[in-house]
Each structure stands twice: as C-alpha cells, then as structure tokens.
Amino acid sequence: MILYAVTFEKLGKMRQQLAICRPNIDFQKKRHLHCTSMKKDVVFLLMKTLEALCITSPPSIEIEVPREKTFGDLSTPLAMGIAKVLKKPPKKIAEEIANKLQASYIFEKVEIAGPGFINVTFTQSYLHSSLQQLLSAEKSYLRENIGNGKKVLVEFVSANPTGPLHIGHARGAAAGNALCNLLEESGFKVDREYYINDAGRQVKLLGLSVYARYQQLLGCDVSFPEDGYRGRYIDDEAVALLAEKGEGYKETSFDLCGADITSWTYSRMLELIRTDLRRFGIKEFDFWVSEKEIFSRGEVRDAIESLKQNGLIYERDQAFWFRSTAFNDDKDRVVIKRDGEYTYFASDIAYHKNKLERGYDIIVDIWGADHHGYIPRIESVMQAFGYDITKFKVILVQMVNLMKQGEPFQMSKRAGTFVTLGEIIDLVGADITKFIFLTRKADSHLDFDLDVVTATSAENPVFYVQYANARISSILANARDQGIEAGQGADLGRLGESSELGLIKKLLLYPMVLENAARTLEPHRITFYLQELAGMFHTYYHDHRIIGADAELSRARLSLCKGIKIVLSDALAILGVSAPDKM
RNA sequence: GCGCCUGUAGCUCAGUCGGAUAGAGCAACUGCCUUCUAAGCAGUGGGUCAGGGGUUCGAAUCCCUUCAGGCGCGCCA
C-alpha cells in the first residue's frame, strides 16, 4: 500500500523549505523533525540518509503502510528502486540506509525484510507527541498543502433543466461536491460550476409539453408533442401554471404564448434543481453558466471564428467542420450544419474556451460515463486554443442502476417512469445516498437497490461511521458532566496498549489519505479509511472503559477519543456527510 | 467493424506511478447487553484476481491476445 511518493525534484523543494541540506546531520537532534506529518518526518529522514550516503539519483521515495503488523508501521521499497542505478544488491543498500536511520530518535526499530524493504517502527514517545500536536493544531495538523493556491474549476451535475434531478445526477453531485471539498482542503482554490443547456430544443420541448397539458386541462384538444416530456411533474407544472396565470393562455397558439410558458417553466425547473441539490447537502455552486448567454454574448461565433483564423475550420458538403483530427480525435466534427445552425459541439467549444480564458490551473469536468466518447474532441478543443491537455481532467461517473426488490427499475424521463432525487432523499436519506456513492470509485457500475439501502442499518456503512462519532460525543459529554475535560494536560504517555498505539498511528495516516485522494481525484479513498478508523474505535470502545477510576488514564483516553472525533468529523465533512453527536 | 470502461470471495466492492502470505462490508454459522450508545464487539468458513502468453528481482496492477458484460462511434440534444 503506497501512501506517498515524491520525485526528487519535489524533494529539492522540500529541502529548501526545510532549509537544511548539510550531509552528516545529527540524527539525534530533534528540532528538525516533528514540525509536520508522520510521512514528512520519514521522507525527510530518508532524504537526509541518502544524502549522507551520497546517493543522488533515485527516482522517487515511496512510503507504504505494510500489510502485516510485523513489518512495522511504515515501509519503503526505496532500496529496490535504486538498486539498478547503483548496481548494488538491494539488501546491501537497504542495510546502509537502515543503519543510518536507526540513529533517529523517532524510530524504535528499523528493519530490513523481504527483497529489500526498509521497515520502520515508531517510538511511543513520537506517537504520543504527534497525537498531542493533532489535538492542539486540529485541522491544520491534518492538512497537506498540495494545491498551493492553484485555481481549479470543477464543473458537475449540469443536468438539462427539463425536469427534476434523478439518481444518476445525484451520484455526480455527490462526487463533485466531495471532490471540491477535498481539493479546497488540500490548498486549492476551487470554483464549482453548473453548466445549463438552455439553448437547444430540449427547453423548448419542455415548454411545449407544459403548454399541451395546460390546454388539455382546459378541455382543449391540443396534441401532445411526440418527443415531449411525459413525466408526472409536467402535469403538476400545468396545474401550477393554471393556478398562477389563470386561463389567459387558453386556446392561444404556442407561437404567441410559448416563450412566456417556456421561460416560466424553465425557471421553476431550475429552482427545483437548486432546491434538490440543497436538500441533498451539496454546497452552493459558485457559477451557473448559461449556454444561451454564451450564445447571446457572441462567444460561439467568436470561438469558431478564432479557430477559422487558425485554419482549423473548413467547409465541406455545405457544412463547416472543426479539424479535430489535427489533434487527438479520430474524425473531424461539424460545428455549423448545412442549415446554418450551430451544432451542440459548437457551443461546447465556446464554453470550454470560456473556461480556459478564465485562468484556471486545472479544469475538471465530471461527466456521465456515457459521454466518454467526447473526451478526445474536447481535448482537441483545448489544444486548438493552445492549452496543455494535462490541465484538463475528465472524471467519468458511471450509471446508477436503480433496483427494486432485486429487479432493475428502468427510468425514463420521457416515459415518465422516474424516481427523482427528491424522492430518494425522502425515502433513503441524503447521508446514506451520498455515502454509498462515495464508497465506490466514480467509474464503476453501481446497483442502488431501494429495498436494500432502506432496509437494515447494517447495510448502510454510513451509520457505522457516524455511530463512532456519536459514541465519542456521548462519552465526552459524559466526562464533562463529571468535570473532566478532554485534552487538558493529559499525560498521553499513559496510552501504551497496542490498540491505543494502533489508533494513534491510524490517525497520523489521515493526512496521507487525504493527500492521496486529492492527488488522484478519488474521494472514495477517504470513505474506506473512515470505515477502518471507525472499526478500530468500536473495538477499542468495546474492550476498554474510557472513563474509569484512574483519573489520569481517563484523561489520556479521552484525549485519544477526541483525536479520533476530530478526524472522523473532519473526513465526514469533506465527504459532505453529516456527523451527528447523537443517534 | 473501430474506440473507451469493467471482469478480484456466494453478493456489493477496495487494492495507490509494479512490492512482502490478495482485503473489507454484506450474506451464512457460533458466541457477547446489570457497564461511557448492541446502529456495537469477538470468532469460523469462503479465491485459478475471467483465460492464455510476455516484460523483471517481483504482476491483480504494465504490454499482447482470447472470452464475457457495459457504453460510445450523428449535419441529435
């Protein structure tokens, strides 16, 4: 299990930050260490050791958590990695490194195992003082600033405003929300964006559908549009329209009143979407970008014109094509149709140009996995405007298979067989739904069985984690009633049992979990960590009395509990899941 | 036909630029409430990492190939 890897370039930077680069440093000195996380302490020491051994060319330093407890607390395969370059056997290199490391006060043991792993075990005093740091610094101790203020734009959900959100949108919303929180907490400056496809015929069709139902309500024989939306919510909108606007549109042709009805319905749909997202616990979007406005500001025209000037647009068969094959795409794409209309892709070009020009360091699009075929053409757009595609990341969110009693439940907006996000929230709950989504990586298929997720608590891992937090809250409250305040001058040295030391180590791994999740854009790693930490706590709780006769020991254990609670609630907050104090 | 994704325990899924004896939850079975929250704990069983080949100190992970499933390949939106 690799938790950290740095290139030597990055190490150079760390070295500068730490402002110490003498070889032959005194490993007994404490002052250079312990200003940062457990991982950084180890990486720093390894780096110094390599310097002292005049090893200057290794590719990277990886820090892993070994599977087996007997292999120590952390481990590095470093020696195997550099064996080839140094033309020395890995075990020999590992030995030299280990001998040097041994001298550091933070290690109880430094061992060589297997083909050349270096396994380190921390001293109890190191663990105790690290826990103390966590308790006093809280959030700041848990953070690795990997973003460095870089600006990130994350676009997600972006569902057409032609109806309520459904469970597929919810998965994208949960993923995007957690990712944004995670990046923000990792030192990035994040903007959340929702792109509204309000220019095409879909919105017009929405208005037409409501118009038809409205006329039918008034007994007028207006035929329903063939591709119209047949969901029940359309009927509701027609009823609402009648209630609000009266019979004023009766027997009026769509040409005359269509614009009114469409915009009335459209804004209500958008409001519905916003409400559902809010109820789902998704943080407010910073920007709602309207496709229509991109058109009306002339950005589509300008974007195509700019490509044209670069010779990337040509005419064929009375249509205009973007030469995306000049980049990564397998065929050129039409941007202006034979009838003179722009294609959907044309506004996508303009929209992504717009994104690029806003000066972000990283642009993340979260799409439904069925759009994966669009990646090459959007990447082509990026390149056509002279940007590096490495700053563009697409996260594909796989479909959710909604199930009922083990059977697939087919949804169709047009057909009207539809379970809305609002209904899911009422039926299942926002926390459960979000947590289940975040327990899988985005790009994996997911069955969401309404009967399973609502049935027993055991099926819902979110309770398991929240319960640990609530238990601790309850214990802390209990202690407070007895006049004991956690974290106040406790002697953490009293935490000497292996379960206690194990919990401390687990807490100290949290910053690395966050960092890794942020680096890979995979928040689900946090979810797995949470379940492990909660599990360790439940076991500990079961076997130990926190508040007991020994006042000193009680205070120490309360401090440990507080540390666990800090991490649990922090991680849940990043996932966008609540951490109740009582359950 | 071409491209992308997926294939890991009965089920749902983790497994980190390739690392040590492949993990968790659920389901099944067996125990644990006079205690700070039993939405909990402890234990047991469960594997040809879809198949085959290659790369190397070392492969679930990388490459090739076969098979199975999903999705995408519009002058639709």
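Just so we're clear, the structure is a prediction, and the values are computed from it rather than from any experiment. Below, chain A is the first sequence line, B the second, and so on; all start at residue 1.
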Trainee: Under 30°, 30 to 60°, or over 60°: which ring-plane class applies to Phe322(A) and Phe345(A), parallel, tilted or perpendicular?
Mentor: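 Rings of Phe322(A) and Phe345(A): tilted, as their planes differ by 30° to 60°.
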Trainee: If you check the Arg338(A) side chain, which of C57(B), C75(B), A39(B) turns out closest?
Mentor: C75(B)
Trainee: Counting heavy atoms from C-beta on, name the nucleotide in C17(B), A38(B), G72(B) closest to the side chain of Glu62(A).
Mentor: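 The closest nucleotide is C17(B).
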Trainee: Quick check: does any side chain N or O of Ser554(A) sit under 3.5 Å from a backbone N or O of Gly548(A), one acting as donor and the other as acceptor?
Mentor: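 Here the side-chain-to-backbone pair exists.
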Trainee: What contact category does Asn401(A) fall into here, base, sugar-phosphate, or nothing, at under 4.0 angstrom with non-hydrogen atoms?
Mentor: nothing
Trainee: Nearest to the side chain of Pro77(A), which nucleotide is it out of C41(B), C36(B), G19(B)?
Mentor: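 Of all the options, the side chain of Pro77(A) is nearest to G19(B).
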Trainee: Asp365(A) and side chain to side chain donor-acceptor pair (under 3.5 Å): which partner among His352(A), His371(A), Lys393(A)?
Mentor: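 So, applying the side chain to side chain donor-acceptor pair (under 3.5 Å) to Asp365(A) and each of His352(A), His371(A), Lys393(A), only His352(A) qualifies.
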Trainee: Suppose we define a pair by two distances each less than 3.5 Å, Watson-Crick or G-U wobble; what does G46(B) pair with here?
Mentor: none
Trainee: Where each residue is assigned the nucleotide of RNA chain B containing its nearest heavy atom, which of Gln531(A) and Ile118(A) is assigned the position nearer the 5′ end?
Mentor: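 That would be Ile118(A).
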Trainee: Check every strand shown and say whether Phe320(A) touches a base, only sugar-phosphate, or nothing at a heavy-atom separation below 4.0 Å.
Mentor: nothing
Trainee: Strictly by Watson-Crick or wobble contacts shorter than 3.5 Å, is anything paired with C26(B), and which nucleotide is it?
Mentor: G10(B)
Trainee: Round to the nearest Å and state the distance from His542(A) atom NE2 to C32(B) atom P.
Mentor: 11 Å
Trainee: Between C36(B), A77(B), U37(B), which one does the side chain of Ile547(A) approach most closely?
Mentor: C36(B)
Trainee: Expressed in angstrom and rounded to an integer, what is the separation of Asn328(A) atom CG from C4(B) atom P?
Mentor: 11 Å
Trainee: Which nucleotide in the list G19(B), G15(B), C75(B) gets nearest to the side chain of Met80(A)?
Mentor: G19(B)
Trainee: I want to know whether Phe448(A) and Phe437(A) have ring centres closer than 6.0 Å.
Mentor: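 That pair passes the under 6.0 Å test.
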Trainee: Base, sugar-phosphate alone, or nothing: which one does Asp317(A) contact when heavy atoms must sit under 4.0 Å apart?
Mentor: base
Trainee: Rounding to a whole Å, what distance do you find between Lys441(A):NZ and A14(B):C1'?
Mentor: 8 Å
Trainee: Can you check whether Arg545(A)'s main-chain N or O pairs, donor with acceptor, with Arg557(A)'s side chain at less than 3.5 Å?
Mentor: yes
Trainee: Between C41(B), G74(B), C75(B), which one does the side chain of Lys331(A) approach most closely?
Mentor: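 In terms of side-chain proximity for Lys331(A), the closest of C41(B), G74(B), C75(B) is G74(B).
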Trainee: Report the distance from atom CD1 of Ile375(A) to atom C1' of C73(B), rounded to the nearest whole Å.
Mentor: 14 Å
Trainee: Checking all strands, does Ile336(A) fall into the base, sugar-phosphate, or nothing category for heavy-atom contacts under 4.0 angstrom?
Mentor: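 Result for Ile336(A) = nothing.
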Trainee: Does any nucleotide pair with G72(B) by Watson-Crick or G-U wobble geometry, both distances under 3.5 Å, and what is it?
Mentor: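 C2(B) is the nucleotide pairing with G72(B).
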Trainee: Remember a base hit wins even if backbone is also touched, and classify Thr520(A) as base, sugar-phosphate or nothing at under 4.0 Å, heavy atoms.
Mentor: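 Answer is nothing: Thr520(A) stays at 4.0 Å or more from every strand.
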Trainee: Please determine, for the side chain of Ser444(A), which listed nucleotide (U37(B), C75(B), C13(B)) has the closest atom?
Mentor: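 Between U37(B), C75(B), C13(B), the one nearest the side chain of Ser444(A) would be C13(B).
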Trainee: How many whole angstroms separate atom CG of Asp449(A) from atom P of C13(B)?
Mentor: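 After rounding, the gap between these two atoms is 12 Å.
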Trainee: I want to verify the glycosidic state of C62(B); is it syn or anti under the 90° rule?
Mentor: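 Anti, since the glycosidic angle lies more than 90° from 0.
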Trainee: Hey, does the side-chain of Arg519(A) have a donor or acceptor N/O within less than 3.5 Å of a partner on the base of U16(B)?
Mentor: no
Trainee: Any strand counts, and the cut-off is 3.5 Å on both contacts for Watson-Crick or G-U wobble. Which nucleotide pairs with C62(B)?
Mentor: G54(B)
Trainee: Does C41(B) have a Watson-Crick or wobble partner in any strand here, with both distances under 3.5 angstrom, and which is it?
Mentor: G31(B)
Trainee: Measure from CZ on Phe435(A) to C1' on A14(B) and round the result to the nearest Å.
Mentor: 13 Å
Trainee: Going by modelled atom types, is there a donor-acceptor pair between the base of G72(B) and the side chain of His371(A) at under 3.5 Å?
Mentor: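 Checked by distance alone, the answer is no.
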Trainee: Out of A14(B), C41(B), A39(B), which has the shortest distance to the side chain of Phe463(A)?
Mentor: A39(B)
Trainee: Give a yes or no on whether a donor-acceptor pair under 3.5 Å exists between the nucleobase atoms of C71(B), that is its base, and the side chain of His372(A).
Mentor: yes
Trainee: When you match Leu396(A) and Met583(A) each to their closest nucleotide on RNA chain B, which lands nearer the 5' end?
Mentor: Leu396(A)
Trainee: So does Ile526(A) get a backbone contact from the side chain of Tyr510(A), meaning a donor-acceptor N/O pair under 3.5 Å?
Mentor: no
Trainee: Look at the side chain of Lys337(A) and decide which nucleotide, out of U37(B), C75(B), C41(B), has an atom nearest to it.
Mentor: C75(B)
Trainee: Checking contacts here: which listed nucleotide (G3(B), G40(B), G70(B)) is nearest the side-chain heavy atoms of His445(A)?
Mentor: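 The closest nucleotide is G70(B).
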Trainee: Base, sugar-phosphate, or nothing: which does Phe528(A) touch, judged by heavy atoms less than 4.0 Å apart?
Mentor: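 Phe528(A): backbone/sugar contact only, no base atoms under 4.0 Å.
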Trainee: Within the structure shown, what part of the strands sits under 4.0 Å from Asn119(A) by heavy-atom distance: base, sugar-phosphate, or nothing?
Mentor: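 Result for Asn119(A) = base.
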Trainee: Identify, with sequence neighbours excluded, every residue that meets salt bridge (charged side-chain N to carboxylate O under 4.0 Å, His left out) alongside Glu95(A).
Mentor: none
Trainee: Please work out whether the ring planes of Phe537(A) and Tyr541(A) are parallel, tilted or perpendicular, with thresholds of 30° and 60°.
Mentor: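 Tilted.
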Trainee: I need the CG-P distance between Asp329(A) and C4(B), as an integer number of Å.
Mentor: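 That distance rounds to 13 Å.
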Trainee: Provide, to the nearest angstrom, the distance between the OH atom belonging to Tyr467(A) and the P atom belonging to A39(B).
Mentor: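 Interatomic distance, OH of Tyr467(A) to P of A39(B): 5 Å.
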